[in-house]
Amino acid sequence: MRRSLFYSLILMMIFISGQLQAALSWTTHIPESSKVKKAEEKPAEHNHNERKKGKLFFLQDGIGAEAEIWLPTLERQRLEISDTGVIKVMATGFNNYHLLYARRQLEGRDEMALRYQYMRGKPSGESPGLLVGNEKGALDITPSPLTREHRRYQSNDTAVFTLTLNKEPLTLQPVILITSNGTEINLQTDNKGQLTVTLPEDFSDIKSGRRKNRPAEFTLSSSIFKNDIKYQTTLNADYHVNPSHWQSRTAGGVTIVIGFIGGLLVLRQVRSRETEHA
Amino acid sequence: MPKYINTSLLRKLVQLVSFLFLVYGSVIVGFYSVDKISNALPALSCAYDMQTADYCTLIPLQHRMNHGIGNAIVAGSGLLTALMSTLIILGTFLVMFVVLNKAFCGWICPLGFFQEILTIIGQKLGLQRIESLPEKLVQRVRPFKWLMLAILVFGLPLLAGLGVASNDLGSPFCRICPSRILTSMMTGDTTQVYLDTSSSAYFFLSLIANLLFGLMVAWGLFFRQPFCRICPMLALHAVFKKIGLVRLVKNAKPRCEKCGLCAKACPMDIKEIHTDMTHKDVLFPDCTLCGRCVEFCPDKDVLQMKYAFIPIISADPQYFKRRKKSQTQWEKKTLLGKK
């Protein structure tokens with residue numbers, strides 16, 4: 001009772017201040033002040049120990065929120081939030097996208113944080129479309145589509161999202177894009193409620209090769225007032241360095257042409273030898 | 001069958017529909033991997049194509065060798081699970097393969113269709129075609145498909161999973177496959193045309209991929225099915241061809257010895273269709289069940305394509321005359337005028 005009163009007071013102070021600097025959102029970046037040791041993250045490699053050790057997430061501004069993991073089958077499992085806001089997510093045993101879902105509903109506020117997380121396990125048999133299409137809350141930010149399995153969001157690449165309020169597209173809705181590399185961009189949905197985002201090219205110290213570059217995170221955040229309730233939703237995801245930094249399309253095209261010309265030359269050589277023999 | 005329809009035309013139509021469906025079919029089946037038809041298709045339909053309707057079986061086989069079996073051996077556990085998942089992939093492949101046997105190559109594969117279109121383009125441009133490759137060359141090239149299957153689909157991915165080879169060699173066949181470049185380009189995606197400088201393995205593989213694609217296009221204008229001759233899918237089909245329901249059967253007659261039109265018609269230069277006078281089953285490892293040998297056989301029922309025991313296409317003298325006439329007329333007309 002005392003704890004919830006304490007949390008309510010904290011939230012009221014933040015609400016009265018008029019500006020929520022850190023909205024309820026998921027992140028894999030655990031603050032140094034956390035008591036839980038951050039897991040050693042190898043940059044962009046397949047982490048096969050994920051299943052046994054679990055993966056750590058931090059729920060920013062998560063006081064008073066409830067967290068769940070939604071399986072590809074739409075089954076929901078409650079997640080324990082530690083005192084420091086760190087959440088350990090164990091493998092569910094199912095393959096494919098899961099949804100990390102956090103919600104905080106107070107008087108006059110309805111906040112939601114979403115993150116689609118790919119996990120390994122046995123095939124669930126369900127399409128990610130089921131998870132993406134399922135109703136989560138009033139204000140929803142939906143990837144349209146979610147990146148296909150083994151594909152990724154990457155810098156300087158376009159991603160499309162749909163914003164809806166009670167399943168109705170939100171047209172001309174302001175959205176803020178914030179990246180862990182420090183970029184902040186104000187965006188707006190179009191007249192169909194779709195948001196087309198070009199993820200910023202804001203990685204520094206880029207190394208050659210996907211595995212050598214740790215992914216960053218982007219968060220899409222939007223809020224709207226309706227019927228005296230402020231709805232705020234964030235969607236968080238990893239994005240990677242665009243492989244164009246070490247993959248040259250021009251050189252690729254040139255080598256195809258070289259192969260083509262080489263093929264013609266070889267044929268010409270073969271034909272001239274046959275003519276000589278004849 | 002109406003006179004203007006022949007087996008080759010019918011096959012082209014089936015190939016065209018298959019091509020369109022496999023390259024663009026996600027609008028029907030769905031976008032995500034689990035939405036696809038099988039994830040183990042016996043034809044080269046590529047997962048790098050964002051709009052594909054299904055993936056070829058060589059993708060999950062490489063993944064299973066690398067991430068499944070290889071990693072399980074290193075970890076000392078989970079080998080049974082890894083083997084089970086590999087067998088499930090092979091089982092799914094076989095369920096589909098049994099239905100059409102090697103006809104997946106000749107009737108369904110998008111890359112096979114593309115090569116046939118290249119041959120038509122070459123012929124219509126009036127380019128001097130090579131009707132049949134020299135027999136010695138054909139014999140030398142034949143082992144390549146087995147090497148591709150053994151090394152690129154199974155060997156290197158397994159070694160990468162064991163930690164013996166670089167992780168960059170986890171899916172080496174996909175890295176060089178021309179279908180990856182072709183099918184993604186067909187959807188307007190040029191991201192698969194690249195030279196990768198991130199590591200020596202990726203550089204080498206991407207270089208091979210691009211050169212191979214260019215070679216295939218060049219040679220495809222002059223002779224038939226250049227890549228099919230070394231395709232590991234052809235080899236994988238050959239392993240299981242005995243269980244497929246579609247068969248190619250020869251009821252040899254003495255006239256066959258002097259004829260040889262079947263071998264001349266064969267796009268894969270399988271001379272054995274003509275020279276083998278003893279075996280009834282003439283579904284050789286290089287065969288794609290295109291049916292051209294049956295079409296161009298002038299003797300009644302000497303060659304037959306059967307579904308189980310039911311003949312679906314049989315050699316027929318009347319059909320042969322009509323077919324030969326239409327082929328001659330087709331080859332006379334080029335974009336530069338009649339030959």
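We use all heavy atoms of the structure for the numbers below, so side chains are in, but hydrogens, waters and symmetry mates are not. Protein chains get the first letters and strands the later ones, always in sequence-line order, with residue 1 at the start of each.
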B/Ile130 and A/Leu267: side chain to side chain contact (heavy atoms under 4.5 Å, CB included), yes or no, with the steps? CA-CA 10 Å; B/Ile130 301 170; A/Leu267 274 175; 3.6 Å; yes

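In this structure, no portion of B/Phe203 lies under 4.5 Å from any heavy atom of chain A. Both the backbone and the side chain of B/Asp196 come within less than 4.5 Å of a heavy atom in chain A. Both the backbone and the side chain of B/Met50 come within contact range of chain A, each with at least one heavy atom under 4.5 Å from a heavy atom of that chain. For B/Gln192, the part lying under 4.5 angstrom from a heavy atom of chain A is the side chain only. Within the 4.5 angstrom heavy-atom criterion, atoms from both the backbone and the side chain of B/Thr191 approach chain A. For a residue to count as touching a neighbouring chain, one of its non-hydrogen atoms must lie under 4.5 Å from one of that chain's; by this rule B/Leu221 touches chain A with the side chain only. If you measure heavy-atom distances from A/Ile261 to chain B, you find no contacts under 4.5 Å at all. When heavy atoms are compared at a cutoff of 4.5 Å, B/Ser199 does not approach chain A at all. For chain A, the nearby parts of B/Thr197 are the backbone and the side chain; heavy atoms of each come within less than 4.5 Å. Only the side chain of B/Pro134 comes within contact range of chain A, with heavy atoms under 4.5 Å apart.
A/Arg249 places a side-chain heavy atom less than 4.5 Å from the side chain of B/Thr190. No side-chain heavy atom of B/Leu195 sits less than 4.5 Å from a side-chain heavy atom of A/Trp246. At least one side-chain heavy atom of B/Phe222 sits under 4.5 Å from a side-chain heavy atom of A/Leu264.
With respect to chain B, the highest number of heavy-atom pairs below 4.5 Å among A/Leu146, A/Val266, A/Thr250 belongs to A/Leu146. Between chain B and the options A/Ser248, A/Gly209, A/Ala251, heavy-atom pairs under 4.5 Å are most frequent for A/Ser248.
A/Thr255 and B/Leu211 get closest at one heavy-atom pair: O-CD2, 3.4 Å. In terms of heavy atoms, A/Arg148 sits closest to B/Thr52 at NH1-CG2, 4.3 Å. In plain terms, the two heavy atoms of A/Ser127 and B/Tyr32 that are nearest each other are OG-CD1, 3.5 Å. B/Phe31 and A/Pro145 make their closest contact through CE2-CG, 3.5 Å (heavy atoms, listed as atom of the first residue, atom of the second, distance). Considering all non-hydrogen atoms of both residues, B/Ser198 and A/Ser208 come closest at CA-OG, 3.1 Å. Across all non-hydrogen atoms, the minimal contact from A/Gly262 to B/Leu215 is C-CD2, 4.3 Å.
Other residues, nucleotides and ligands contribute at most 12 non-hydrogen atoms within 6.0 Å of the CD atom of B/Gln128. The environment of CZ in A/Arg76 is crowded: more than 12 heavy-atom neighbours from other residues, nucleotides or ligands sit within 6.0 Å. Within a 6.0 Å radius of CZ in B/Phe204, other residues, nucleotides and ligands contribute 12 heavy atoms or fewer. Surrounding CD of B/Gln139 are more than 12 heavy atoms belonging to other residues, nucleotides or ligands, all under 6.0 Å away. The environment of NZ in B/Lys271 is crowded: more than 12 heavy-atom neighbours from other residues, nucleotides or ligands sit within 6.0 Å.
Here the straight-line distance linking atom CG of B/Asp35 with atom CD of A/Glu126 works out to 10.0 Å at 0.5 Å rounding. One distance of note links OG of B/Ser33 with CZ of A/Arg151; it measures 10.5 Å at 0.5 Å rounding. The CZ atom of A/Arg120 sits 7.0 Å away from the NE2 atom of B/His67 when rounded to the nearest 0.5 Å.
Salt-bridge formation is detected for the pair A/Arg211/B/Asp168: a Lys NZ or Arg NE/NH1/NH2 atom is positioned less than 4.0 Å from an Asp or Glu carboxylate oxygen.
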